[in-house]
Engineer: 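If you scroll down you'll find the structure; I have some questions about it.
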Amino acid sequence: MRSVGSTLADFEQDLISNLYYQRGTTLESASGSDGYQTLALTVRDRLVERYARTAAAHYEANPRFVYYLSAEYLLGRQLGQNLLYTDTERFVRPIAADLGVTLEDLESYDVEPGLGNGGLGRLAACLMDSMATLDIPAVGYGIRYEFGIFKQAFRDGAQVERPDDWTFYGNPWEFPAPDDRQVVGFYGTTAAALDDPTGLRRQWTPGEVVRGEPSHMLVPGYGTQTVNIIRLWQARASRQSFDLSRFGAGQYKEAVEDIVRAENISKVLYPDDSTEQGRELRLKQQYFLVACSLRDIIRRYRLRNTGWDAFPAKVVIQLNDTHPVMAVTELMRLLVDEYKLDWDLAWSITRRTFNYTCHTLLPEALETWPVAVVERLLPRHMEIIYAINHFFLQEVEATYPGDLDRLRRLSIIQEEPDKRVRMAHLAVVGSTAVNGVAELHTRLLAATTLRDFAELWPQKFHNVTNGVTPRRFVRLANPRLSELITERLGDESWLTDLDRLEGLAGVADDPAFLERWRAVKRANKVDLAAHVERSTGVVIDPDALCDVMIKRFHEYKRQHLKLLHVIMLFNRLREHPDLDVVPRTVLFGGKAAPGYHSMKLLLRLVNAVAETVNTDPVVSRRLKVVLPPDYNVTRAQWIIPAADLSEQISLAGKEASGTGNMKLALNGALTIGTLDGANIEIRDRVGADNFFLFGLDAQEAADLRRDYHPRAYYESDPDLRAAIDTIAAGTFAKGDRSLFAPVVDSMLGRDEYLALADYRAYLECQERVEHAWRDQEAWARMSVLNSARSGFFSSDRTVREYCDRIWRVEPVRVA
Ligand code: AZC
């Protein structure tokens, strides 16, 4: 094996050689993009070697592997990460300076692969980072969407979605592996297998086949030699699909019809993670992912193992939410129909292989598929689902004889109002362990959404509280803070042992340290101000309180509650121009699903309020509102280090966990939040004195919901009424009272997420925030304590918990 050198001279030489041989250009004529691509390849070379050694060590050890199946990965930019993980940034800075460019210039060419929607996709990326860092043998499987999540732009304040052609200039970080392609079938018919008297084995003859071609991205561990991979599948038509004779006859469109149909499967990431959508093509996509991945997993298993008995001992598959759950039926089909195992043995293997993570409590986010659609697209899988359900319901009947209502509730098939497959039920039935993502979430899952299952199999349910990687979200996002922490703690070991941040608590009372802590935050705010000005044209004051709400736009997250607070401030400042309020910048960031009209209207309202506030000569001196477009991982890394206040104001009982809350706390933002998701655990750790708590708890919210009258709050609270009336009066729509009327109607009509009920408590809490902010030293102390006590929220801890309690995998060290 050729080995790459580790000196500056080696690095320089490799750069020249890559520029020349890989890019086919010279220093004199290289473009900025050539510079970036060359640097990326040179850094990648260093990872490839480690990857080869990892693969060899894994082959040798033949360990139990974690296979992470996820429809989404939000990896973020790769260059900065890989420079850090190969310790080559120190080479690049001087070389770049010699050439008259900065590293930041080069990084601007780095395109983040937007292969996900939100929390669940970024969690997958954090877990992959931590698995590699902890030397856990793991492979992530996903889809190589040709277009990732849409790019968000605003036209007249309204969200417009633009395609994200992320590979347009080539993606230097991936390796195509066409030799490992797989063939996947759809549609067709099934027939009895002649050799099976039980009738459980059948034969499927698909009506359409497509190829899945993999490529992989490298996932290096930090401070270790391990480099794992994420394998992404892209759909390709089989080679015979191009109809040469039609093409020859001038029927150009018809000639490529089959190709287009096949390749549509991996064309786009389904942009909607909140409502049912997409129908057949989305199901096709899900099955495509699991069919390719399972075949690849079996191929890998067979490299070192024979027979099936050892399969669950060598293979553990984690289902990231319900999107990949068809894997349960596909493994059954492979084992029973293709490898001719007995149903019972196949079922025992399958159940021992899978585990399922649920990321929501919202019933509308739990996927179900119309039986008719599954029957048509995957006829054999529908039969298998019926069989699984039949045996499962027998088991239930044995435990609860005669309890028909329970059978109906537990069944994998929903009968009313239409026949559907409940994917979450299939997941629970087919898995060994089921986990929620924060303590409250797991408790509510077991008490409500999956209650009958938790009664049937209490031992199946686990909690594994989410975490985030401190490498990306502290070290890379916030180099200034990292340097200060490292100086204080003596070395960088906190990056892989985040509990060591506790060591900062000892200096939380040291004025000199607090001074430096504040200087870091201020410098980060200056940087953020530059980004904000570039993307919105709005100039913000780095000394103002930086109040951020960054997350997908969704009603349960209650961006509208934040907006009501902003409007209240606006009204107050207009009435009393000399009022002594704390100067604030309110920064929103987030996309709304393209079909989610009420949230798109709310985005528009945020922009309209921003416009009115920022151009008001009196108000804008103390208040600014900004919504930089296209919130993504890259922008999160700019915003989080500059935040003073983290808005986590979802209605209690609705946010499964949240992970932005963790990233912000780690970077020293104070949380204003409800008792929801992981907020509770953050508060328990950082201390009630260092957390701004308000609002209903989950129980109170559920009780109130039963008999709720939002109008009563509107009528009895003058501030609230004024804020809502300001919207209704058309103040933010140049007098047009109709544009934002639906926002007003939804608040006064149903107010699904009880924003009005929590309004007064939220306002009072914001007053406590202002009061606290006026003592800057005390604020800095709370900020330090937030970082110091958030070590628990490292995804390394999360992965360790999965390893110990669910996966039972051991690390393999790579020499
Ligand atoms: C999110 C949850 O909404 C969020 O609370 C959680 O932190 C995150 O997953 C990671 O567990 N869910 C999603 O992104 N998407 C779906 C379909 O739940």
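Every number for a ligand or one of its atoms is a count from 1 in the order of the listing. Heavy atoms only: backbone and side chains are in, while hydrogens, waters and symmetry mates are out.
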Engineer: Is it the case that the side chains of Tyr356 and Asn435 hold a donor-acceptor pair, with the cut-off being a distance below 3.5 Å and no angle test?
Structural biologist: no
Engineer: Verify whether one side chain among Ser266 and Trp233 offers a donor that lies under 3.5 Å from an acceptor in the other.
Structural biologist: no
Engineer: Under 4.0 Å, heavy atoms only, figure out whether ligand 1 is touched by the backbone of Thr357, its side chain, both or neither.
Structural biologist: neither
Engineer: Would you check the N or O atoms of His359, main chain and side chain alike, for any that come under 3.5 Å of an N or O of ligand 1?
Structural biologist: yes
Engineer: Can Tyr270 and Gln285 be counted as having a side-chain donor-acceptor contact under 3.5 angstrom?
Structural biologist: no
Engineer: Would the Phe453 and His425 ring centres measure less than 6.0 Å apart?
Structural biologist: yes
Engineer: In ligand 1, which numbered atoms sit nearer than 4.0 Å to a non-hydrogen atom of Tyr556?
Structural biologist: 3 (O)
Engineer: For Lys557, is there an ion pair with Glu655 - N to carboxylate O distance below 4.0 angstrom?
Structural biologist: yes
Engineer: So is Gly658 in contact with ligand 1, going by heavy-atom distances below 4.0 Å?
Structural biologist: yes
Engineer: Looking only at distances, can you tell me whether any N or O atom of Leu120, backbone or side chain, sits closer than 3.5 Å to an N or O atom of ligand 1?
Structural biologist: yes
Engineer: Any nitrogen or oxygen of Ser657, side chain or backbone, less than 3.5 Å from one on ligand 1?
Structural biologist: yes
Engineer: I'd like to check which ligand 1 atoms, numbered from 1 as shown, lie under 4.0 Å from a non-hydrogen atom of Gly119.
Structural biologist: 8 (C), 9 (O), 10 (C), 14 (O)
Engineer: Quick check: do Arg422 and Ile413 have side-chain heavy atoms less than 4.5 Å from each other?
Structural biologist: no
Engineer: Within a distance under 4.0 Å of any heavy atom of Ala656, pick out the atoms of ligand 1 and give their elements.
Structural biologist: 5 (O)
Engineer: Is there a polar contact between ligand 1 and His323, counting only N or O atoms under 3.5 Å apart?
Structural biologist: no
Engineer: Compute whether any side-chain donor of one residue and acceptor of the other, for Glu367 and His323, lie under 3.5 angstrom apart.
Structural biologist: no
Engineer: Going by the order shown, which atoms of ligand 1 are within less than 4.0 Å of some heavy atom of Thr360?
Structural biologist: 18 (O)
Engineer: Taking the six-membered ring for Trp, are the ring centroids of His565 and Tyr759 within less than 6.0 Å of each other?
Structural biologist: no
Engineer: Just jot down the ligand 1 atoms closer than 4.0 angstrom to any heavy atom of Glu655, in number order.
Structural biologist: 2 (C), 3 (O), 4 (C), 5 (O)
